[in-house]
2 protein chains.
Amino acid sequence: MQGARQRARGEITEAIKEEARRQLAEQGASRLSLRAVARELGVASSALYRYFPSRDDMLTALITDAYDALGGAAEEALADAESAGDSHLVRWLAVCRAVRGWSLAHPHEYALLYGSPVPGYAAPSTTIRPAARAALAMLTVLSDAYAVGALRAPARAAAAPEAVLGDTERLVAQLEVPLPPAVAAEAVAAWAQLFGLVGFELFGQFANVIDARDAFFDHAAERLADQVGLRR
Amino acid sequence: MQGARQRARGEITEAIKEEARRQLAEQGASRLSLRAVARELGVASSALYRYFPSRDDMLTALITDAYDALGGAAEEALADAESAGDSHLVRWLAVCRAVRGWSLAHPHEYALLYGSPVPGYAAPSTTIRPAARAALAMLTVLSDAYAVGALRAPARAAAAPEAVLGDTERLVAQLEVPLPPAVAAEAVAAWAQLFGLVGFELFGQFANVIDARDAFFDHAAERLADQVGLRR
DNA sequence: TCAATATCGAGAGCGCCGCTCACCCGTCCC
DNA sequence: GGGACGGGTGAGCGGCGCTCTCGATATTGA
């Protein structure tokens with residue numbers, strides 16, 4: 001049986017990622033060095049290449065895990081709010097807060113996910129699904145609200161243009177989230193805008209501008225909820 | 001007179017920045033190397049240290065310039081819209097489009113400004129003023145609209161909490177922009193959210209989600225205008 | 001005018017980095 | 001039992017940021 005070998009390989013891979021994650025959290029992606037990871041693991045640097053073809057691939061593995069952690073935090077917050085019987089608005093706020101909370105707790109991971117794309121330009125396809133989890137949590141809140149009539153559809157005049165609705169129609173079909181395309185369009189915008197708020201706070205753009213960070217974020221998240229049509 | 005030396009020094013500094021900017025635009029900040037700049041300039045790498053104490057300081061110089069370029073683009077768009085007699089809503093859209101346009105045209109510079117903070121964590125104080133220019137253009141639109149009564153003040157119930165209003169009151173005083181703190185709070189949020197939209201588009205988060213990028217952005221910018229109280 | 005001084009570029013070198021390669025050894029499979 | 005193979009080692013390549021010494025040149029002041 002080759003199970004032993006594969007199990008060992010999996011464990012070592014995990015140990016490498018763990019140490020890499022530690023260094024990433026401490027000093028950021030730019031200072032994460034494969035050699036330092038190997039040194040800390042008491043192993044020759046060349047040995048790591050048996051597990052990751054390059055430093056970028058190691059980073060990609062960390063990216064996937066980070067997306068999963070963020071998505072997990074969002075999903076957990078949603079599940080808690082659901083089981084607590086919170087309103088859809090409160091669920092929305094809970095998911096937003098979870099995204100911000102995870103990001104503040106893991107700034108370097110956040111930077112890895114939503115900061116400058118480090119290697120090339122296109123994210124590897126393996127990161128797509130994990131990356132969607134947080135967004136999906138937001139959409140879930142909305143579709144649940146929509147199902148029970150707790151969602152105000154955008155006025156006809158305020159709806160997104162046709163071309164956009166085509167995109168979001170395809171999107172809701174792909175994700176199997178029952179939601180009118182016009183609402184989905186607002187949701188996508190809110191999704192991007194949420195990360196704008198978080199990113200600005202995290203990367204220091206709010207220095208000397210906003211001190212009451214928590215209150216400011218909560219208020220902005222409420223405005224986002226309003227924008228996507230969640231009734232107050 | 002020491003003028004000749006100083007002039008030469010200024011010209012060389014500019015040449016270094018120009019070459020660095022070229023490499024930044026081509027390959028991004030992470031691949032910008034001081035040695036490559038020196039090589040391209042036909043000079044020993046150690047010579048550059050007479051002009052910039054470190055690679056990070058060179059990057060900081062580029063950051064300042066990039067903020068100025070972005071701010072200039074925003075201001076120019078605003079000035080054009082003003083002289084064309086456009087409505088305040090259209091001016092707002094013009095500034096938003098200018099920010100997006102510049103960013104799409106200079107992705108690596110954008111990443112340098114709003115992506116992961118590369119070196120430490122705090123931006124040098126010399127970058128603060130240039131960084132504010134684009135934001136100031138947005139605030140200017142709003143204060144002009146407010147002065148002529150073209151701004152809908154947020155409803156009392158929808159206003160930001162007290163702590164936030166304290167921050168934004170200080171902000172409008174510092175920037176000398178005559179604007180109610182409640183409006184300024186929405187403006188700051190819109191500012192961050194605008195860069196969320198731009199950043200997501202630029203960093204590939206919209207891949208397989210939104211194809212009609214222009215239409216989507218315009219629509220989102222209109223919704224932002226609505227959020228800050230600009231009358232349709 | 002001439003010596004003291006300041007400025008600047010060159011080049012060697014240090015310790016990192018990512019990555020490759022030849023080599024070796026233990027384990028598994030036939 | 002022997003060969004293939006996975007996985008570890010260590011040397012080494014080229015590149016990086018950065019430092020230091022040294023000589024050349026320009027500026028300055030007596």
Side-chain angles (χ1 to χ4, degrees), chain A residues 1-24 26-63 108 112 116-120 124, chain B residues 1-24 26-63 108 112 116-120 124:
Chain A
M1 70 190 210
Q2 62 172 12
R5 263 243 248 266
Q6 283 214 349
R7 184 158 22 86
R9 184 177 178 86
E11 282 171 13
I12 295 180
T13 304
E14 208 48 52
I16 294 172
K17 284 205 291 185
E18 191 175 331
E19 175 60 28
R21 201 151 30 225
R22 217 180 51 76
Q23 296 192 12
L24 167 66
E26 272 183 10
Q27 325 174 23
S30 68
R31 298 208 200 290
L32 192 164
S33 102
L34 200 144
R35 285 179 111 113
V37 171
R39 217 178 298 127
E40 212 63 28
L41 260 49
V43 93
S45 68
S46 54
L48 297 202
Y49 287 88
R50 302 282 183 197
Y51 298 88
F52 296 97
S54 77
R55 178 182 178 275
D56 279 359
D57 291 271
M58 200 173 75
L59 271 181
T60 301
L62 295 187
I63 289 177
H108 287 117
L112 193 58
S116 341
V118 182
Chain B
M1 73 193 213
Q2 62 173 14
R5 260 243 251 263
Q6 284 213 350
R7 185 157 23 86
R9 185 176 177 85
E11 283 170 13
I12 294 180
T13 304
E14 208 47 52
I16 294 173
K17 284 206 292 186
E18 192 175 331
E19 176 59 29
R21 200 151 32 223
R22 217 179 52 77
Q23 296 192 12
L24 168 66
E26 273 183 11
Q27 326 175 23
S30 68
R31 297 211 200 292
L32 193 166
S33 103
L34 201 144
R35 284 179 113 113
V37 171
R39 216 179 298 126
E40 212 64 27
L41 260 49
V43 94
S45 67
S46 56
L48 297 202
Y49 287 88
R50 302 278 183 198
Y51 300 88
F52 296 97
S54 77
R55 178 181 178 275
D56 279 359
D57 291 271
M58 201 173 74
L59 271 181
T60 301
L62 295 188
I63 289 176
H108 288 117
L112 194 57
S116 342
V118 182

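First the proteins, then the strands, lettered A, B, ... as listed; each starts at 1.
Atoms CG (Leu59(B)) and C1' (dC16(D)) sit 14 Å apart, rounded to a whole Å. Per the geometry, CG belonging to Leu32(B) stands 11 Å off P belonging to dC16(D), to the nearest Å. Taking atom CD1 on Ile12(A) and atom C1' on dT9(D), their separation rounds to 15 Å, with Å as the unit. One can place CZ of Phe52(B) at 19 Å from C1' of dT19(D), the figure rounded to the nearest angstrom. In this structure, Arg35(B) atom CZ and dC18(D) atom P are separated by 11 Å, rounded to whole Å. Between the C1' atom of dG8(D) and the CD1 atom of Ile16(A) lies a distance of 12 Å, rounded to the nearest Å. Residue Arg31(B) contributes atom CZ, which lies 20 Å from atom P of dG14(D) at whole-angstrom precision. Going from atom CG of Leu34(A) over to atom C1' of dT20(C) covers 13 Å, rounded to whole Å.
In this structure, CG in Leu41(A) is found 9.0 Å from CD1 in Ile12(A), a value given to the nearest 0.5 Å.
Between dC17(C) and Arg55(A), no contact under 4.0 Å exists linking OP1 or OP2 to a side-chain N or O.
Counting all heavy atoms, side chain and backbone alike, Ala20(A) lies closest to Val37(A) at CA-CG2, 4.0 Å.
When the side-chain contact (heavy atoms from CB on, under 4.5 Å) test is applied to Gln27(B), the partners found at least two apart in sequence or on another chain are Arg31(B). Remark: Glu19(B) pairs with Arg22(B), Gln23(B) by the side-chain hydrogen bond (donor to acceptor under 3.5 Å, both in side chains) rule, at least two apart or across chains. Shown here are the side-chain contact (heavy atoms from CB on, under 4.5 Å) partners of Leu34(B), two or more places apart in sequence or in another chain: Leu48(B), Tyr49(B), Arg55(B). Evaluation of the side-chain hydrogen bond (donor to acceptor under 3.5 Å, both in side chains) rule for Thr13(A) yields no partner, not counting sequence neighbours.
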May I have the step-by-step check of side-chain contact (heavy atoms from CB on, under 4.5 Å) for Tyr51(A) and Met58(A), ending in yes or no? CA-CA 9 Å; Tyr51(A) 298 88; Met58(A) 200 173 75; over 6 Å; no
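Taking only side-chain atoms of Arg9(B), from C-beta outward, the nucleotide of dG17(D), dC8(C), dG9(C) with the closest atom is dC8(C).
Applying the side chain to side chain donor-acceptor pair (under 3.5 Å) rule to pairs touching residues 32-47 of chain B yields nothing, sequence neighbours excluded.
When side chains are defined from C-beta on, Phe52(A) counts as touching Lys17(A), because their heavy atoms get closer than 4.5 Å. Taking 4.5 Å as the limit, every side-chain heavy atom of Ile16(A) sits out of range of all side-chain heavy atoms of Val43(A).
In the region residues 38-49 of chain A, proximity to DNA chain C at under 4.0 angstrom, judged on heavy atoms, holds for Arg39(A), Ser45(A), Ser46(A), Tyr49(A).
Between its two ends, the helix from dT1(C)-dA30(D) to dC30(C)-dG1(D) turns its axis by 0°, counting five pairs per end and rounding to 10 degrees.
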Close N or O pairs between protein and nucleotides 22-26 of chain C (under 3.5 Å):
none

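There is no side-chain donor-acceptor pair under 3.5 Å between Asp57(A) and Thr60(A).
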